[in-house]
Each structure stands twice: as C-alpha cells, then as structure tokens.
Amino acid sequence: MPELSARYNPQDVEEKRLKLWSEKKAFHAVAGRSSQGPFAVVIPPPNVTGVLHMGHALNNTLQDILIRYKRMQGFDAMWMPGTDHAGIATQNVVEKQIAKEGLTREALGRDKFMERLWDWKARHGDTIIEQLHKLGSSCDWERTRFTMDEGYSQAVREVFVTLYERGLIYQGSYIINWCPRCTTALADEEAEHKESSGSLWHIRYPFKDEPSQGVIVATTRPETMLGDTAVAVNPADERYAGLIGKIIVLPLTGREIKIIADDFVDRTFGSGAVKVTPAHDPNDFAMGRRHDLEFINIMHPNGTMNANAGRFEGMDRFEARREIVQALDDLGLMVRIEPHMNAVRRCYRCDTVVEPYLSRQWFVKMKPMADKALEAFRAGTPCIQPKRWEKVYENWLVDIRDWCISRQIWWGHRIPVWYDEQGHAFVARCEADARLQARAKHGKDVVLTQDPDVLDTWFSSWLWPFATLGWPIKNKDLQYFYPTAALFTAPEIIFFWVARMVMAGIEFMGEVPFKDVILHGTVRDAKGRKMSKSLGNAIDPLEIIREYGADALRFSMILNSGQDIFISKEKFETGRNFANKLWNASRFVMMNLSPEASGVSDFSQIDHAALDPASQWIMSRYQTSLAAVTEAIEQFRYSEAENTLYEFFWGTYCDWYLEMIKGRMDDINTQKTACLVLKNTLKMLHPFIPFVTEEIYSQMAGVETMLTLEAWPVPEAKYAHAGVEADIGMIVALVTSIRNVRAQWNIKPNDPVACVFVGPAATLERLRLNEAVVQRLVRIAGFRYEGSANGLKNCATGVAGEVAFFIPLGELIDIAREKARIAAEVAQMEKAAGAIAGRLANEGFVSKAPPEVIEKERQRMTELKARADEFNKALACLI
RNA sequence: GGACGCAUAGCUCAGCUGGUUAGAGCGCUGCCCUCACAUGGCAGAGGUCGAAGGUUCAAGUCCUUCUGCGUCCACCA
C-alpha cells in the first residue's frame, strides 16, 4: 500500500484525476443504459467570452453535486455542457480587438468581421469550458454544444418560422429600447433601470395667439421637445378645460402643435400638462396613435441629432440637451429647474443610457405562450425553489409584454427572412425556400436580400434544453433525456431565460423542460458587494484552485451557501483543512489495516456479533448521518448535507471513534469497520469534493476507482441503533474496556491500587487525569506521583497489590473524556427532565395543551430520566 | 411606486410543522509539536434572538407596527 504524505497536496492529485476522467470519458451518459432511467441537467451556458468567476463556481458546483449523486445512484446522469454565443458581448470584445488595429466593423465589412468573430471563437471560445473542467465538473463533455452550432442554428430557424406560421411572430414599428452605443434594439429585460439624479425642467410653451401666455410642461429629457407634436392634459382637469384644441408654437422649431386631452395624463404631477413626443417615448407613442399625431424622429441611431433637429443637427443627445436648455433659458421660457431622481434605463452590456426609439423590429407575441406556461405552473411545473420566487415568476407571466427579438448587430443568428425589391417579406427555413415562395408570388425568380439583423441571443438560449439534444430531429437522446430534471441558476435570469425556456419547451416539446428550478444566491464579497472586476473585489476561483485546491473551493463555497454567499479568501481555509483532515485520518486508518480489512466492501463482511462496542456505535452514527445526508441532498439542501458530513467525519469519526479504537486496531472487525465506514463516508463526500475522496478511495482499494461510478451507500437498518441505544452502546464500550483492563491485571473493584503516572505534568493536566482519576485512586490506596519522566511516555503505570500494570494512555484518555462527557450529558438531561416536570406541573399546560403534546412530553421526561439513570450507572462503573 | 427577502455570539450563518434552559464554524483566551493531522488537539469566555406591542399554558419560531439593510419589478412626463 502506498504511503500517503502528511500534508495533502491538491495540485498533483487534481491534475491526475482530471486526466483519468478525461481519458476514461467517465461522465459520458448513454440513453437507456440504466434501469433507473434518465436524469438530465443542462448547464446554464456561460458566455463564450466568459472567464470563470465565483458565480460560475457556485452554480456549477451545485449542479455537479446533484449529477454526481444521481450518477452514483445509478441513473443515466447526463449533464449537458456548452456555451452561449452572447451576441452583443462577443461582438463588443472583437470590436475592441480590431479597434487596436484602427479598424471598425463597418470598415471591415460584414463578412470579414464575421470571420474575425469565428476566429476569435476558435481561439478563445473554449476557455470557460476548460475552466469548468478544473472545477471538477462532471459534464458529459462529448456533448458540448454552442448556440451557433450548425444543428442548433437550424433549430433556431425552425422555431422562428414555426412561430411565424403560428402567428406568434410579427414585424412592426414601435418604440423600443435602443442602445446608441451598440446601435441596436434591446429587449425590455436588457434595459436595466438604474436610479440616477437628474433634473426636471419646467418649460413654458407659448400660445400662438397670446405668445406671452402658455402652458408649462415638465420634462426630464428636454432635447426631445424638438420632436413634440402635441401637449396633453387630462380631460377632467379644470385648469385646462378651455384650452383643449388651442394652438401652441413649439419653441426653437416654430412648429404649431395642439393641446389634446388624454386620460393618461396625471393631473397631480408637475403642471398637469405633458409634452407629447410620439417618436421618443413609449407613452407618447401610444398617445400619438390614439390621437393620430405626427411621429417625428429627431435622432440618428447613434444618438446624435438628425436633420429634424434643425440647428441642433449633429450634436450628441446630451450636448443637444445642454444647448437646448440654454437656448430656452435665453428665450425666457425656462420656468424653473428642479432636481429630480429618476430611474434611467441603461444598456445591460455597456451601461449606456438607453433611448426610447421608434424603429421597425421583429417581435414575439408572448401572451399565448405565457398563458400556457401559467397553466403549467399552476399545475405544479416547474417547481421553483426557494418558493418565494414563485410569485415573481408568476407575475411576470401575467404581465407579459411582447419580446423584441431583432438586433442590429452581426454576431448571432441571422433572421430567416428575405425581402424582394418591393419589400415583401418571405419567412423561410432557408434561402431556397424563400426563393420558392418569391417565385410563387411573382411567377418568376426575383432578387432577394436577407434581413440584415440577427436574433436576440436569448432567442437561441430559450431552446437550450431541447436544441442541445438534437431537436428538431427527434432522436433517441431527445426522447430519453427530455424533459430534464433540474435547472440551477441565478434569480437574475428568471425572466431572460427560465420563463422563456418553459414557454419554448411547452410550445415545441409539449412539456415543461425541467421539473425543478433551483435559484441560488449571488456570490458577494465580505462586505456584501457583488463581485465584479470593476470594483476590484473579485476573488478569482482559479487562484483559489491553485492555492487551496478545487475541493477546497467547492467545499467552502457550499458550506457558506445560504441565501447570498459572502466570501473572503480566508473562507477557503476551511475546505483546505477539511481535505487535509480527510487525508490524514485516512492515512492513519490505512496504516493500521491488514490486507484483508482493506478489501472490505460490504457490511456483511463484518462479524457484527464480535464487534467492539465503539465500532457498533460508529456504525449507528454512520447510519444516521447517511440518512440525513441523503435526505438533505434530495431536498437540494447541500449546505446542510455538507455540514452533516463535516460533523460526522471530523467530530464523530475522527475525534471520538478513531481515538477510541487506537488501542484496538489489531482486531480485524474493528479494522474492517473503520475502513468501511471511512470508504462510505468518502462516497458520501464525493459529490462535494470529488478529487481528494476519489484519490484516497483508490489508494485504499488498491485500484484506480472512479467514485462517481460507484454506488451511493444504502442504509443498513440492522446496524442502526436509535438515539439512546447508540449512546448507551458507547458507554458500554468504554466500561467494557475498563473491565477488560482490570480483568487483564486481575484487579478487583476494591483492591488497593498504587498508581504511578509517567509523562509530562502538562499532559496529565490537559487530560484531567489528576482530578478525575488520580484522586479517586489516592483514596483507594497509597499514591505517589513521579511527575514528568522520560521513557514510558504513553502509559500510565500502576501497581495493583503486588502486581505492576500498565494501562495504555489511549484507554485513559477515553475514560477521562467520556466520563466528563457523560457527566455533562447527565446534568443536561436532568435539567431538561426538570424543565418538563415543571411544565407538567403547570396547570395551564395540563389543561390547555393538546393531549398528544402532553403525552409526548411525559414520554420524553421518562425517557430522559431513564437515560440519565443509565448514564449514571455507566459513570459509576468508570473507576 | 409595487413585490419580496434579511436582521440570532466580534464575523459568517444553522435553528425545517411554536414544545429541552438557543447551536456551529471562524475569530478570541489558556494549555499542548502525545508517534494520522499544528491546515492539528483539549479547555474556555462570549447572545435580554433589530425595537415595540399582540396571540398562546408555551414565541428566536405565529400576527401587527416600526427601524435598518438588501434584491427584483415599474411607461409619472
């Protein structure tokens, strides 16, 4: 058996295991191989531009725990990995790259730019996947998918065309969120509200007939006044009753606009009069429609003012704002300016202030799909955990709005629509189909051009659970693994992604794509701030892996995962220390194992009848822990499962059990128990810390063993003692060992005993032998204490009558420890029993508490008393 | 503006349907390099469970209000 070193070194072990897993394709799942059936999880595909951060580390560790656990339970556990093409993000990266060469994408041209993008993908696209490997993620790597794979792209086109045919996709001119920096439309979810301080400008719009008079309007975006085509007031507002229909001359432009009445206007806000800019505000747009107003677009797509802005043409929108405010002030029309907090929408990719912009885009009609998703949700799928997110999810589905899916960028799935010269649109799965349609319409071949835009990245992501499995081809994998079991993700993308996947799943597969949705917290720094590069507070998981090991990273992360997760570097010491403890305890056990014992693999190989009581006790504790861990994992309570394992292994197995059996390791059944309980504990720990557990296990077994392919331990009811019984077993173990020592040296209970302790005084002090044991002995017989002496360091030496004897120090440690422990427990039990007695004496309790509670309490009291008696008896036996 | 969450030891958090006299880890204090492990062992200090009311025989746990922090959603110009 190989010697293990005293300190666990994760780097070598992890590298070795990763190599093995990769060579053996350990995580590849085949449809229909297991009788247990499928258990599939799809990874939330990280952006190809991504580098591993703590959020990924958490998300993937959670998934890995589940998938390894299920694989050990014998399911065809399949974890689908892959990456997302991340439209705007990736395009931004490559644009920055070419900017260093002094190039822009426009200068390069679409084809060349796309080449650069694919080139970038080929070079850097696997970075995040490799990093996920290092974490120990047991993904089915052979299946790795990318949202712009050929097959996947086909699925995207199929979905677009099908939805179009079902009347769920339409094109139209609406106010959408426009990012002037990215020069593209954004979905509502991609334009994030952020509070910022601005101003509210109150401007007087003069009447045509009485230029000295006018209405005062308030606005947060004064530059949009150039596109105003009306002023609106509430029809019920008496202040303006006589003014409806009156003509106003719009300052700076001279355009004549009317005062209109509309219910939308809030009488209590500002002056009660609103400037109406139908081309630059969604509400105004709606009013413009209602009142048949003119739509005047005053901006270029890049946010500069266009020809409609008159003398402000060419200025950036914010520059124009300053100039216009100044100009109005010069005209004496700026009534007042007040500070105003408002929520400005910003591009989620580049943080640029989004402009509500009128443009022609493609939309998905969401209501019919959302209704189906709602119906499914109310019937119980998917099950969202924690429960508090259910309402958020449901509300979004109820208040669903149409989804703008076209993007004016180049990296992505090109919209499968072709136009003829007259502008007729032909929606088709491929260009050839479009040609056929065009020919049918025109009776001849015509020139077609494809829509230049691409689809929103989420328009491909929402197909992830089935498109990765080969849809629209109905192959074996798709049939077997769909729907998947669970989805782990951050709550931020519940709308972006989760809800839409549900809709697509129902629409195209007829089934919700996953049974459970587990929403986990955000990883934050010690101060509670989100980890981000710009804040400089990010902890790099790769650095942690280098320094502490991937196991340590995983272990500490899960241990700390409550709601949000607050992490500082020191936290990872816990995981590192645990792995080291595991390593050393195993080393100790292995050093004491005979070859026969090290091969033990089943509890039936242990002679239970011949087992020492301490081993019986650890078996019982092991059973309890196994049950608790299994239950916690089933309920996705990984932190709790891990904590239970930590307690069991460190606090019970190492601190108590290994100490107790130190003097008894020559017993084959003890060895077997120590070994088998350890092996099974390694299995239980494996989903959490796959590297170190597998390495130790392999060394114990003497052959390379892939733990994730080993069976998850099953409870062995016959070895399980319940609560009291187990503890009594423990005491009996110790009492027996004392008796054995006495018998060995032929000491009778009342024999005069002389005792000589040898060893450092401090050690004896620490062991509390001087108080607890020695004094008792002094009373029995003569005592002489020789203080610290060299030589027989680990023995207590004594003389019984004429016979000298040695008691192994380990035994005495056990006795002293256990005595103290029992005494403390007895005190606690007596206290508790007293408290219950008091309660039972309370009239209110007896008369009003439910009978079953009273009965329970009474039983508990009896039990506690009985147990305290047992403990006291045991205590009396301990010398 | 709407919805939700959190507040328990110096720090990070458990405490699951109210029912032992509230727990763990880290940190701190003291003693130990005892031959698996100092990334370790043993012992110890430290809490009126955010505040105020209420329900109950019984409240960290349920209800109301308040305070502080956080998250998500949102078309008051």
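Every value quoted in this text rests on a predicted model; they were computed, and no experiment measured them.
- Closest-nucleotide positions on RNA chain B for A:Ala585 and A:Ser847 were compared, and the one nearer the 5' end corresponds to A:Ala585.
- In this structure, CZ of A:Phe649 is placed 10 Å from C1' of B:C37, rounded to the nearest angstrom.
- A donor-acceptor pair under 3.5 Å is absent between the side-chain atoms of A:Glu647 and the main chain of A:Thr652, judged by distance alone.
- A distance of about 7 Å separates the C1' atoms of B:G10 and B:G27, rounded to the whole Å.
- Spacing of C1' atoms, B:U71 relative to B:U29, comes out at 40 Å, to the nearest Å.
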Protein-nucleotides 73-75 of chain B N/O pairs closer than 3.5 Å?
residue: B:C75; atom: OP1; partner: A:Arg401; partner atom: NH1; Å: 3.1
residue: B:C75; atom: OP1; partner: A:Arg401; partner atom: NH2; Å: 3.1
residue: B:C75; atom: OP2; partner: A:His193; partner atom: NE2; Å: 3.3
residue: B:C75; atom: O2'; partner: A:Asn283; partner atom: ND2; Å: 2.5
residue: B:C75; atom: N1; partner: A:Asn283; partner atom: OD1; Å: 3.3
residue: B:C75; atom: O2; partner: A:Asn283; partner atom: OD1; Å: 2.5
residue: B:C75; atom: O2; partner: A:Asn283; partner atom: ND2; Å: 3.3

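- The shortest distance between the side-chain N/O atoms of A:Lys391 and the OP1/OP2 oxygens of B:C4 is below 4.0 Å.
- In terms of heavy atoms, A:Met366 sits closest to A:Asp402 at N-OD1, 3.1 Å.
- A gap of 8 Å separates the C1' atoms of B:C49 and B:A22, to the nearest Å.
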Can you give me the N/O atom pairs linking the protein to nucleotides 7-10 of chain B at distances under 3.5 Å, or say none if there are none?
none

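- Here A:Glu647 lies in heavy-atom contact (under 4.0 Å) with sugar-phosphate atoms only.
- As rounded to the nearest Å, B:U17 and B:A7 have P atoms that lie 15 Å from one another.
- Rounding to whole angstrom units, CD1 of residue A:Ile854 and P of B:U20 are separated by 15 Å.
- Shortest non-hydrogen contact noted between A:Val265 and A:Asn234 is O-ND2, 2.8 Å.
- Comparing atom distances between the A:Asn577 side chain and each of B:C57, B:G40, B:C72 picks out B:G40 as nearest.
- Nearest-nucleotide assignment on RNA chain B puts the 5′-proximal partner with A:Cys654, out of A:Cys654 and A:Val846.
- Within the 4.5 Å cutoff, the side chain of A:Leu678 has heavy atoms near those of the A:Phe649 side chain.
- The listed nucleotides are B:A36, B:G25, B:C72; the one nearest the side chain of A:Tyr646 is B:G25.
- Residue A:Lys571 places no side-chain N or O under 4.0 Å from the OP1 or OP2 atom of B:C11.
- Separation of the P atoms belonging to B:C75 and B:U65 is 28 Å when rounded to the nearest angstrom.
- A salt bridge does not link A:Glu642 to A:Arg554: none of the charged side-chain nitrogens sits closer than 4.0 Å to a carboxylate oxygen.
- Looking only at side-chain heavy atoms (C-beta outward), A:Arg321 and A:Pro222 come within less than 4.5 Å of each other.
- A:Asn580 places a side-chain N or O within donor-acceptor distance of the main-chain N or O of A:Tyr8, the cut-off being under 3.5 Å.
- Residue A:Leu293 forms a side chain to side chain contact (heavy atoms under 4.5 Å, CB included) with just one option from A:Ile260, A:Ile257, A:Asp228, and that option is A:Ile260.
- In this structure, A:His202 reaches neither bases nor backbone, as no heavy-atom distance under 4.0 Å exists between it and the strands shown.
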(request) Applying side chain to side chain contact (heavy atoms under 4.5 Å, CB included), run through A:Lys571 and A:Leu559 and close with a yes or a no. (result) CA-CA 10 Å; A:Lys571 289 267 171 84; A:Leu559 207 57; over 6 Å; no
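- Separating the OH atom of A:Tyr8 from the C1' atom of B:A38 is a distance of 20 Å, rounded to the nearest angstrom.
- Taking atom C1' on both B:G47 and B:G23, the two are 11 Å apart, rounded to the nearest angstrom.
- Listed pair A:Arg388 / B:G5 fails the phosphate criterion, with no side-chain N or O lying under 4.0 Å from OP1 or OP2.
- As judged by a 4.0 angstrom heavy-atom cut-off over every strand, A:Arg637 is placed among the base-contacting residues.
- Counting only distance, with no hydrogens or angles, the side chain of A:Arg221 and the backbone of A:His280 share a donor-acceptor pair below 3.5 Å.
- Under the ring pair (Phe, Tyr, Trp, His ring centres under 6.0 Å) rule, A:Phe285 has a single partner from A:Phe295, A:Tyr357, A:Phe264, which is A:Phe295.
- Atom CD1 in A:Ile689 sits roughly 19 Å away from atom P in B:U39 (whole-Å rounding).
- An OP1 or OP2 oxygen of B:G41 is reached within less than 4.0 angstrom by a side-chain nitrogen or oxygen of A:Trp650.
- Spacing between atom CZ of A:Phe648 and atom P of B:A24 amounts to 19 Å, rounded to whole angstrom units.
- Remark: the separation of the P atoms in B:C76 and B:G2 is 13 Å, to the nearest Å.
- Judged by distance alone, the side chain of A:Arg345 and the main-chain N or O of A:Ala191 form a donor-acceptor pair under 3.5 Å.
- Distance NZ (A:Lys581) to P (B:A38): 10 Å, rounded to an integer number of Å.
- A:Phe648 pairs with exactly one of A:Asn643, A:Val629, A:Ile618 by the side chain to side chain contact (heavy atoms under 4.5 Å, CB included) rule, that one being A:Ile618.
- To the nearest angstrom, P of B:C6 lies 12 Å from CH2 of A:Trp389.
- Residue A:Glu857 is in sugar-phosphate contact alone, with no base atom involved, counting any heavy-atom pair closer than 4.0 Å across all strands shown.
- Atom CG in A:Leu519 sits about 14 Å away from atom P in B:G5, given to the nearest Å.
- For the P atom pair drawn from B:A3 and B:A59, the interatomic distance equals 31 Å after rounding to whole Å.
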For RNA chain B, the dot-bracket notation using Watson-Crick and G-U wobble pairs below 3.5 Å, [ ] for pseudoknot-type crossings and | for other-strand pairs, is (((((((..((((.....[...)))).(((((.......))))).....(((((..]....))))))))))))....
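- With hydrogens and angles left out, the side-chain atoms of A:Tyr348 and A:Glu190 include a donor and acceptor closer than 3.5 Å.
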